[in-house]
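Here is the structure we will look at, set down as structure tokens.
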2 protein chains.
Amino acid sequence: MPQADSDQPAYVRVADTLRREIRAGILGVGTLLPSEVNIAKAMNVSRNSVRPALDILRREGLVRTEVGRGTFVRPPVPARRISMNQYREDAATAARTTYPPPPAAADSTLAPHLPTVELTEVPADAGLADLFRIPEGTPLQRRYVIHRVNGTPVQVTTSYYLLDMVQGTWVATPESEPSPGGAIGHLWSLDVQVKKVRPVVTSRPPTTDEAAVLRTERDVLAITRQMLDGSGRVVEVAREIVISSAGVELEYEIDL
Amino acid sequence: MPQADSDQPAYVRVADTLRREIRAGILGVGTLLPSEVNIAKAMNVSRNSVRPALDILRREGLVRTEVGRGTFVRPPVPARRISMNQYREDAATAARTTYPPPPAAADSTLAPHLPTVELTEVPADAGLADLFRIPEGTPLQRRYVIHRVNGTPVQVTTSYYLLDMVQGTWVATPESEPSPGGAIGHLWSLDVQVKKVRPVVTSRPPTTDEAAVLRTERDVLAITRQMLDGSGRVVEVAREIVISSAGVELEYEIDL
DNA sequence: GAGTGGTCTAGACCACGAC
DNA sequence: TCGTGGTCTAGACCACTCA
């Protein structure tokens, strides 16, 4: 073991102490931590040495701070594994679904899982034109969707269809979210078969908006995705799918 | 445009100003930023308001700080795209290579790209036993490899083979890194054909060591990977492949 | 109104790098 | 020796939440 406490900066000692107490369960899940002033008193440091310690724990996803209330121990995030086999399952779901699907019964247990949807029409900017391999300015439908699990936003997706393709169809209505088979289901209902999905994964600090919506100080995973049909035409672009990286795993599977 | 400067916290204003000057090229790549004290004077704030601003820019990967020297504008990281088609190319390379390959000629232009390699023997801990689907304690060969591009460490990989499989072979020697066809090449040389690769991607703050080696304050991408042969046996585990997320894109391709 | 975290100031001392 | 960033202190005011 490295000789712990001494000669370490004060804020690291504070962070280590608090982290140890959280890990040991002394500060249980949901517990309100002592206030910054009280931590400072208890550990004989100034409040300005407590704050960077809490910054560290926030970035590690161990605690969440609410202004005016205090800092709380976060529940350990269950490892939410997102499998890219999802796309194969989506394709299978699409193939056996009649679109548009009957409206879901008003099941209140589903409410906390319902997404927020905003559909708008926009011209393709340079980046989208490149991803779609179409001229800049081509009309697109933009879909901004906030996905929730148990009421907690976990994913913010901004995706695009060619406006020509979806205009006047069920896909152009907010009722098309959530859709059986996801985007692949949408396209299936338009007689477009997705044959290739190309996701590109990066990680970056969240924008201010994303941090607020996803309630995270951690970096986010940002996925840019293209969907292609059998002729190689790009039929959907997601730029970007933003996921709080806390407790999320993206699983791929490559057959050789 | 959102009304920029006013009513924003001072440190955000400072960060925005510096970011704008970097983006505009006023502070060119490699430039030494004004010292914290001088930025404070110039913007009429205290040094303690400049520091969080620089924290933001560091986390965005825009600047790098060296104690005693100052803060410098980092070169824009070229988007290094890592394609998972690499595995298919590796398989093709392995199939046409005779192992062990002839030692590379002493080509000094390659030196800055040579990896650091440490091979050790370890018993499987609980996590590795689970990933390999073998009993805890099974002897493994552990490979710790630091990959470099132009002398800069970009990736730290810790991977494992079953010791029984590699002991006494070329794969058990440091000369086996770098290998044509990577891990797939190693296994091919042992008459083991990799049929499936299963990478799981997460993002997390770097450990102190990783931050030092990869010279980054950004979160890192951490990939845990299994390689399986035709019978479904796990023949290699990487836990973890750690990549500085700055400017890195992981590209996958899924055929439906 | 009392307590919380968010922000800010004006100082200070230190280890380190460059000269 | 001097300037740099790293750390730390002791204050202060604010907006916010909650009783």
Side-chain angles (χ1 to χ4, degrees), chain A residues 4-18 22 27 30-74 205-206 208-209 211-212 215-217, chain B residues 4-18 22 27 30-74 206 208 211-212 215-217:
Chain A
D5 282 14
S6 274
D7 84 329
Q8 292 257 48
Y11 70 91
V12 174
R13 288 202 311 271
V14 174
D16 286 349
T17 301
L18 292 172
I22 291 171
L27 295 167
T31 305
L32 179 61
L33 264 63
S35 72
E36 297 180 349
V37 174
N38 286 333
I39 294 173
K41 282 181 189 157
M43 300 201 56
N44 271 306
V45 295
S46 80
R47 188 182 161 213
N48 285 342
S49 289
V50 174
R51 289 192 53 73
L54 292 177
D55 279 341
I56 292 174
L57 300 182
R58 269 188 288 269
R59 238 174 292 128
E60 290 177 351
L62 285 177
V63 301
R64 188 188 70 254
T65 294
E66 296 178 27
V67 293
R69 303 229 295 136
T71 299
F72 300 84
V73 179
R74 293 195 107 157
T208 309
D209 287 351
R215 295 202 256 280
T216 185
E217 294 76 29
Chain B
D5 283 12
S6 271
D7 85 330
Q8 293 257 47
Y11 70 91
V12 174
R13 287 202 311 272
V14 174
D16 287 348
T17 301
L18 292 172
I22 291 171
L27 295 168
T31 305
L32 178 61
L33 264 61
S35 72
E36 296 180 349
V37 174
N38 286 333
I39 294 174
K41 282 181 189 155
M43 301 202 54
N44 271 305
V45 295
S46 79
R47 187 180 161 216
N48 286 343
S49 290
V50 174
R51 291 192 51 73
L54 293 177
D55 279 342
I56 292 174
L57 300 182
R58 269 188 289 269
R59 239 173 289 131
E60 289 176 351
L62 285 176
V63 300
R64 188 189 67 252
T65 295
E66 294 178 29
V67 294
R69 303 229 293 137
T71 299
F72 300 84
V73 178
R74 294 194 109 163
T208 309
R215 296 199 194 95
T216 184
E217 293 77 29

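Per chain, numbering begins at 1; letters A, B, ... match sequence-line order. Basis for what follows: all heavy atoms, side chains included, without hydrogens, waters or symmetry-related copies.
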Evaluation steps, side-chain contact (heavy atoms from CB on, under 4.5 Å), between A/Leu18 and A/Leu54:
CA-CA 9 Å; A/Leu18 292 172; A/Leu54 292 177; 4.0 Å; yes

All salt bridge (charged side-chain N to carboxylate O under 4.0 Å, His left out) counterparts of A/Glu217, not counting sequence neighbours:
none

Output all residues satisfying salt bridge (charged side-chain N to carboxylate O under 4.0 Å, His left out) with A/Arg58, sequence neighbours left out; order by chain, then residue number.
A/Asp55

Of all residues at least two apart in sequence or in a different chain, which pass the side chain to side chain donor-acceptor pair (under 3.5 Å) check with B/Thr31?
none

Angle between terminal axes - the helix from C/dG1-D/dC18 to C/dA18-D/dT1, 5 pairs each end, rounded to 10°:
0°

Side-chain donor/acceptor pairs under 3.5 Å, residues 66-74 of chain A, sequence neighbours excluded:
residue: A/Glu66; atom: OE1; partner: A/Arg69; partner atom: NE; Å: 3.0
residue: A/Glu66; atom: OE1; partner: A/Arg69; partner atom: NH2; Å: 3.3
residue: A/Glu66; atom: OE2; partner: A/Arg64; partner atom: NE; Å: 3.2
residue: A/Glu66; atom: OE2; partner: A/Arg64; partner atom: NH2; Å: 2.7
residue: A/Thr71; atom: OG1; partner: A/Thr65; partner atom: OG1; Å: 2.9
residue: A/Arg74; atom: NH2; partner: A/Arg215; partner atom: O; Å: 2.9

So if I take residues 40-58 of chain B and measure heavy-atom distances to DNA chain D, which residues fall below 4.0 Å?
B/Arg47, B/Asn48, B/Arg51

A/Val63 vs A/Ile22, side-chain contact (heavy atoms from CB on, under 4.5 Å): CA-CA, chis, key distance, verdict:
CA-CA 9 Å; A/Val63 301; A/Ile22 291 171; 3.8 Å; yes

Using the 3.5 Å cut-off, write out each protein N or O paired with an N or O of nucleotides 17-19 of chain D and the distance between them.
residue: D/dC18; atom: OP1; partner: A/Arg69; partner atom: NE; Å: 3.3
residue: D/dC18; atom: OP1; partner: A/Arg69; partner atom: NH1; Å: 3.3

Distance (rounded to the nearest 0.5 Å) between A/Asn38 CG and A/Leu33 CG
11.0 Å

To the nearest 0.5 Å, what is the distance between CZ (A/Arg13) and CG (A/Asp16)?
10.0 Å

Identify the 5'-most and 3'-most nucleotides of DNA chain C with at least one atom closer than 4.0 Å to a non-hydrogen atom of chain B.
C/dT7 to C/dA18

State, to 0.1 Å, how close A/Ala53 and A/Ala15 come at their nearest heavy-atom pair, and which atoms those are.
CB-N, 3.6 Å

Nearest-Å distance for atom pair CZ/P, residues B/Arg64 and D/dT4:
17 Å

Looking only at side-chain N and O atoms, does B/Ser35 come under 4.0 Å of OP1 or OP2 in D/dT4?
yes

Pair up each side-chain donor or acceptor in residues 39-46 of chain B with any protein partner under 3.5 Å, not counting sequence neighbours, and list the distances.
residue: B/Ser46; atom: OG; partner: B/Asn48; partner atom: N; Å: 3.2

Compare all side-chain heavy atoms of A/Glu60 with those of A/Leu57 and state whether any distance is below 4.5 angstrom.
yes

